[in-house]
Amino acid sequence: GFLSGFADYACAMALEAAMAHAAAGGLTFPQTGPSLQAGSGLFILGMGKLGAHELNYSSDIDLILLHDSAAPRCARPEKIQERLIRMTRQAVSLLEERTAEGYVFRVDLRLRPDPAATAPILSVAAAETYYSSLAQTWERAAFIKARVIAGDQTAGEAFLNHIQPFIWRRHLDFAAIADINAMKQQIHDHRGHEDLKAPGHNIK
(Lines give C-alpha, C1' and ligand atoms only; values in the text may rest on other atoms or scores of the structure.)
Protein backbone atom coordinates (compact mmCIF):
# COMPACT_ATOMS: atom_id res chain seq x y z
CA GLY A 1 0.00 0.00 0.00
CA PHE A 2 2.70 2.52 0.96
CA LEU A 3 4.73 1.88 -2.20
CA SER A 4 1.62 2.34 -4.37
CA GLY A 5 0.83 5.58 -2.55
CA PHE A 6 4.36 6.80 -3.23
CA ALA A 7 3.93 5.90 -6.91
CA ASP A 8 0.70 7.92 -7.03
CA TYR A 9 2.49 10.92 -5.55
CA ALA A 10 5.48 10.55 -7.88
CA CYS A 11 3.22 10.38 -10.94
CA ALA A 12 1.29 13.46 -9.81
CA MET A 13 4.51 15.43 -9.29
CA ALA A 14 5.96 14.33 -12.64
CA LEU A 15 2.72 15.26 -14.41
CA GLU A 16 2.56 18.65 -12.68
CA ALA A 17 6.14 19.47 -13.71
CA ALA A 18 5.56 18.38 -17.31
CA MET A 19 2.29 20.36 -17.48
CA ALA A 20 4.02 23.47 -16.15
CA HIS A 21 6.67 23.14 -18.84
CA ALA A 22 3.99 22.64 -21.50
CA ALA A 23 2.06 25.66 -20.20
CA ALA A 24 5.21 27.77 -20.54
CA GLY A 25 5.40 26.52 -24.12
CA GLY A 26 1.91 27.66 -25.07
CA LEU A 27 -0.59 25.07 -23.83
CA THR A 28 -3.41 26.44 -21.67
CA PHE A 29 -5.06 24.11 -19.18
CA PRO A 30 -8.45 24.82 -17.60
CA GLN A 31 -7.66 25.19 -13.90
CA THR A 32 -9.97 25.06 -10.87
CA GLY A 33 -7.39 24.92 -8.08
CA PRO A 34 -3.79 25.68 -7.14
CA SER A 35 -2.56 22.68 -9.10
CA LEU A 36 -2.50 22.70 -12.91
CA GLN A 37 -4.06 19.23 -12.79
CA ALA A 38 -7.32 20.25 -11.08
CA GLY A 39 -9.99 20.80 -13.72
CA SER A 40 -7.53 20.22 -16.57
CA GLY A 41 -9.41 17.32 -18.15
CA LEU A 42 -6.12 15.41 -18.19
CA PHE A 43 -5.52 12.38 -15.96
CA ILE A 44 -3.45 9.25 -15.40
CA LEU A 45 -4.95 5.82 -14.75
CA GLY A 46 -2.99 3.33 -12.69
CA MET A 47 -3.45 -0.22 -13.96
CA GLY A 48 -2.43 -3.68 -12.78
CA LYS A 49 -0.56 -3.89 -9.47
CA LEU A 50 -0.50 -0.11 -9.09
CA GLY A 51 -4.24 0.13 -9.61
CA ALA A 52 -4.79 -2.59 -7.01
CA HIS A 53 -2.36 -1.05 -4.45
CA GLU A 54 -0.16 -4.14 -4.83
CA LEU A 55 3.18 -2.74 -6.03
CA ASN A 56 6.35 -4.43 -4.88
CA TYR A 57 9.92 -3.18 -5.18
CA SER A 58 10.53 -4.97 -8.49
CA SER A 59 7.32 -3.72 -10.13
CA ASP A 60 7.11 -1.34 -13.02
CA ILE A 61 4.01 0.87 -13.19
CA ASP A 62 1.34 0.44 -15.86
CA LEU A 63 -0.17 3.79 -16.82
CA ILE A 64 -2.74 5.12 -19.28
CA LEU A 65 -2.82 8.88 -19.95
CA LEU A 66 -5.98 10.49 -21.30
CA HIS A 67 -7.22 14.02 -21.89
CA ASP A 68 -10.53 15.68 -22.56
CA SER A 69 -10.94 16.40 -26.28
CA ALA A 70 -11.72 20.06 -25.50
CA ALA A 71 -8.71 20.55 -23.23
CA PRO A 72 -6.08 21.87 -23.23
CA ARG A 73 -6.09 24.80 -25.64
CA CYS A 74 -3.36 26.36 -27.72
CA ALA A 75 -2.96 29.44 -29.91
CA ARG A 76 -1.97 26.98 -32.63
CA PRO A 77 -4.53 24.15 -32.39
CA GLU A 78 -2.66 21.99 -34.88
CA LYS A 79 0.20 21.78 -32.37
CA ILE A 80 -1.85 20.49 -29.43
CA GLN A 81 -1.28 16.78 -30.01
CA GLU A 82 2.43 17.24 -30.64
CA ARG A 83 2.82 19.19 -27.40
CA LEU A 84 0.74 16.74 -25.40
CA ILE A 85 2.97 13.90 -26.62
CA ARG A 86 6.06 15.89 -25.67
CA MET A 87 4.55 16.62 -22.24
CA THR A 88 3.76 12.93 -21.70
CA ARG A 89 7.26 11.84 -22.64
CA GLN A 90 8.73 14.41 -20.29
CA ALA A 91 6.58 13.16 -17.40
CA VAL A 92 7.59 9.56 -18.11
CA SER A 93 11.25 10.57 -18.40
CA LEU A 94 11.12 12.21 -14.97
CA LEU A 95 9.97 8.91 -13.52
CA GLU A 96 12.22 6.41 -15.27
CA GLU A 97 15.36 8.30 -16.33
CA ARG A 98 18.43 6.84 -14.64
CA THR A 99 20.54 9.35 -12.75
CA ALA A 100 23.35 9.09 -10.23
CA GLU A 101 20.64 8.48 -7.60
CA GLY A 102 18.92 5.78 -9.68
CA TYR A 103 15.38 6.08 -11.05
CA VAL A 104 11.91 6.42 -9.53
CA PHE A 105 9.85 3.79 -11.42
CA ARG A 106 9.97 1.97 -14.73
CA VAL A 107 6.90 3.01 -16.72
CA ASP A 108 4.87 0.83 -19.09
CA LEU A 109 2.33 2.58 -21.35
CA ARG A 110 1.42 -0.50 -23.40
CA LEU A 111 -1.99 -1.05 -21.81
CA ARG A 112 -3.42 1.92 -23.69
CA PRO A 113 -5.63 1.23 -26.72
CA ASP A 114 -3.69 -0.24 -29.66
CA PRO A 115 -0.26 0.83 -28.33
CA ALA A 116 1.59 0.01 -31.55
CA ALA A 117 -0.46 2.53 -33.49
CA THR A 118 -1.43 5.25 -31.00
CA ALA A 119 0.26 8.17 -29.26
CA PRO A 120 1.31 7.82 -25.59
CA ILE A 121 -1.62 10.07 -24.63
CA LEU A 122 -5.12 9.75 -26.11
CA SER A 123 -8.34 11.70 -25.99
CA VAL A 124 -11.13 10.45 -23.75
CA ALA A 125 -13.44 10.26 -26.78
CA ALA A 126 -11.03 7.99 -28.67
CA ALA A 127 -10.60 5.73 -25.64
CA GLU A 128 -14.34 5.48 -25.02
CA THR A 129 -14.92 4.51 -28.65
CA TYR A 130 -12.21 1.86 -28.46
CA TYR A 131 -13.39 0.22 -25.25
CA SER A 132 -17.04 0.27 -26.30
CA SER A 133 -16.48 -1.35 -29.70
CA LEU A 134 -12.96 -2.56 -30.55
CA ALA A 135 -11.25 -3.68 -27.34
CA GLN A 136 -10.53 -7.34 -26.70
CA THR A 137 -11.90 -9.03 -23.59
CA TRP A 138 -8.55 -8.94 -21.78
CA GLU A 139 -8.24 -5.19 -22.41
CA ARG A 140 -11.60 -4.56 -20.80
CA ALA A 141 -10.78 -6.93 -17.94
CA ALA A 142 -7.63 -4.92 -17.20
CA PHE A 143 -9.88 -2.09 -16.04
CA ILE A 144 -11.14 -4.13 -13.09
CA LYS A 145 -8.11 -2.78 -11.19
CA ALA A 146 -7.95 0.67 -12.81
CA ARG A 147 -8.10 3.86 -10.73
CA VAL A 148 -7.26 7.52 -11.19
CA ILE A 149 -3.86 8.17 -9.64
CA ALA A 150 -3.04 11.69 -10.87
CA GLY A 151 -4.48 14.60 -12.79
CA ASP A 152 -8.11 15.66 -12.98
CA GLN A 153 -9.84 13.27 -10.57
CA THR A 154 -13.34 14.29 -11.66
CA ALA A 155 -12.65 13.72 -15.36
CA GLY A 156 -10.93 10.42 -14.63
CA GLU A 157 -13.78 9.09 -12.52
CA ALA A 158 -16.29 10.15 -15.18
CA PHE A 159 -14.36 8.15 -17.78
CA LEU A 160 -14.20 5.04 -15.60
CA ASN A 161 -17.92 5.30 -14.84
CA HIS A 162 -18.69 5.65 -18.54
CA ILE A 163 -16.90 2.44 -19.50
CA GLN A 164 -18.20 0.34 -16.57
CA PRO A 165 -20.86 -1.40 -18.74
CA PHE A 166 -18.09 -2.66 -21.04
CA ILE A 167 -15.99 -3.97 -18.12
CA TRP A 168 -18.77 -5.59 -16.11
CA ARG A 169 -21.05 -6.86 -18.83
CA ARG A 170 -24.60 -7.70 -17.79
CA HIS A 171 -24.72 -10.68 -20.14
CA LEU A 172 -21.89 -12.93 -21.34
CA ASP A 173 -22.18 -14.66 -24.69
CA PHE A 174 -20.32 -17.84 -25.62
CA ALA A 175 -17.52 -15.88 -27.31
CA ALA A 176 -16.87 -13.82 -24.18
CA ILE A 177 -16.80 -16.96 -22.01
CA ALA A 178 -14.36 -18.58 -24.43
CA ASP A 179 -12.15 -15.46 -24.23
CA ILE A 180 -12.13 -15.63 -20.43
CA ASN A 181 -11.19 -19.32 -20.51
CA ALA A 182 -8.41 -18.55 -23.00
CA MET A 183 -7.03 -15.80 -20.73
CA LYS A 184 -7.00 -18.15 -17.76
CA GLN A 185 -5.22 -20.83 -19.78
CA GLN A 186 -2.57 -18.34 -20.91
CA ILE A 187 -1.93 -17.38 -17.29
CA HIS A 188 -1.58 -21.05 -16.36
CA ASP A 189 0.76 -21.71 -19.28
CA HIS A 190 2.94 -18.74 -18.40
CA ARG A 191 2.93 -18.96 -14.59
CA GLY A 192 2.31 -22.64 -13.90
CA HIS A 193 -0.47 -23.92 -11.66
CA GLU A 194 -0.06 -27.61 -10.91
CA ASP A 195 1.91 -27.17 -7.70
CA LEU A 196 0.73 -24.60 -5.15
CA LYS A 197 3.60 -23.56 -2.95
CA ALA A 198 2.57 -21.55 0.11
CA PRO A 199 3.45 -19.14 1.58
CA GLY A 200 4.32 -16.68 -1.17
CA HIS A 201 2.86 -18.55 -4.11
CA ASN A 202 2.33 -16.06 -6.92
CA ILE A 203 -1.38 -16.29 -7.75
CA LYS A 204 -2.56 -14.19 -10.68
Side-chain angles (χ1 to χ4, degrees), residues 1-19 29-69 71-72 84 87-88 91-92 94-96 104-115 118-132 134-170 180 183 187 202-204:
F2 172 80
L3 190 59
S4 298
F6 171 68
D8 293 0
Y9 179 79
C11 287
M13 292 300 97
L15 180 61
E16 185 77 12
M19 289 177 71
F29 299 97
Q31 192 173 345
T32 59
S35 165
L36 281 172
Q37 298 174 53
S40 67
L42 190 151
F43 55 91
I44 301 177
L45 299 177
M47 311 292 287
K49 289 181 180 177
L50 174 56
H53 297 280
E54 295 172 347
L55 279 189
N56 58 53
Y57 286 101
S58 64
S59 300
D60 56 7
I61 53 176
D62 295 300
L63 307 178
I64 295 177
L65 284 87
L66 300 174
H67 69 92
D68 189 305
S69 302
L84 282 172
M87 180 203 72
T88 300
V92 170
L94 287 170
L95 291 168
E96 67 178 11
V104 185
F105 286 101
R106 299 186 307 274
V107 178
D108 192 339
L109 300 178
R110 291 176 296 175
L111 283 183
R112 71 184 187 275
D114 198 5
T118 57
I121 182 169
L122 301 173
S123 73
V124 167
E128 288 177 346
T129 298
Y130 184 82
Y131 291 115
S132 65
L134 300 173
Q136 298 180 57
T137 300
W138 73 264
E139 291 177 292
R140 296 188 178 101
F143 274 85
I144 292 171
K145 294 182 178 183
R147 62 185 177 88
V148 184
I149 64 165
D152 188 335
Q153 188 79 25
T154 301
E157 293 292 347
F159 169 77
L160 291 178
N161 288 336
H162 184 82
I163 66 169
Q164 282 300 302
F166 309 107
I167 301 169
W168 303 101
R169 294 172 58 180
R170 182 169 296 179
I180 293 168
M183 283 192 293
I187 293 169
N202 187 11
I203 299 175
K204 186 172 183 179

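Throughout, residue positions are numbered sequentially from 1 according to the sequence presented. FYI, side chains are in, hydrogens and waters are out, and symmetry mates aren't considered; it's all heavy atoms of this structure.
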Would you say Thr118's side chain and Pro113's backbone share a donor-acceptor pair under 3.5 angstrom? yes
Interatomic distance, Asp108 atom CG to Ile61 atom CD1 [nearest 0.5 angstrom]: 9.5 Å
Check Leu36 against Glu16 and note the closest heavy-atom contact, atom names and distance. N-OE2, 3.0 Å
Counting the benzene-type ring for Trp, do Tyr131 and Phe143 have ring centres under 6.0 Å apart? yes
To the nearest 0.5 Å, what is the distance between OG1 (Thr137) and CD1 (Ile167)? 12.5 Å
Any donor-acceptor pair under 3.5 Å linking the side chain of Asp152 with the backbone of Gly41? yes
Under 4.5 Å between any side-chain heavy atoms of Glu157 and Val148, yes or no? yes
Pick from Lys145, Arg147, Lys49: which one makes a salt bridge (charged side-chain N to carboxylate O under 4.0 Å, His left out) with Glu54? Lys145
For residues Phe105 and Phe6, establish whether the separation of their ring centroids is below 6.0 Å. yes
Which one of Asp68, Ile121, Thr88 satisfies the side-chain contact (heavy atoms from CB on, under 4.5 Å) criterion with Leu42? Ile121
I need the Met19 CE to Ser35 OG distance, nearest 0.5 Å. 7.0 Å
Does any N or O in the side chain of Arg112 come within less than 3.5 Å of the main-chain N or O of Leu122, such that one atom is a donor and the other an acceptor? no
For the residue pair Leu65 and Pro120, what are the closest heavy atoms and their distance? CB-O, 4.0 Å
Please evaluate residues Leu66 and Ser123 with respect to the criterion side chain to side chain contact (heavy atoms under 4.5 Å, CB included), reporting the C-alpha separation (whole Å), side-chain torsions for both, the decisive distance (0.1 Å), and the verdict. CA-CA 5 Å; Leu66 300 174; Ser123 73; over 6 Å; no
To the closest 0.5 Å, what do you measure between OG (Ser4) and CG (Leu50)? 5.5 Å
Considering non-hydrogen atoms only, spot the tightest contact between Leu45 and Phe159 and give its length. CD1-CE2, 3.8 Å
On a heavy-atom basis, which atom in Ala38 and which in Gly33 lie closest, and how many Å separate them? CB-N, 4.0 Å
Taking every heavy atom of Asp60 against every heavy atom of Leu55, the minimum-distance pair comes out as O-CD2, 3.7 Å
Report yes if the side chains of Cys11 and Leu95 come closer than 4.5 Å at any heavy-atom pair, otherwise no. yes
Find out whether Ile44 and Ile64 are in side-chain contact, i.e. whether some heavy atom of one side chain is under 4.5 Å from a heavy atom of the other. no
Could you report the tightest heavy-atom contact between Leu3 and Tyr57, atom names first, then the distance? CD2-N, 3.7 Å
Test Glu96 against Val104 for side chain to side chain contact (heavy atoms under 4.5 Å, CB included), laying out the working first. CA-CA 6 Å; Glu96 67 178 11; Val104 185; over 6 Å; no
Point-to-point distance, once rounded to the nearest 0.5 Å, from OG of Ser69 to CD of Glu128: 8.0 Å
For the atom pair CD (Gln37) and CG (Leu15), what is the distance rounded to the nearest 0.5 Å? 4.5 Å
Strictly distance-based, threshold 3.5 Å: is any side-chain N or O of Glu139 a donor or acceptor partner for the main-chain N or O of Gln136? yes
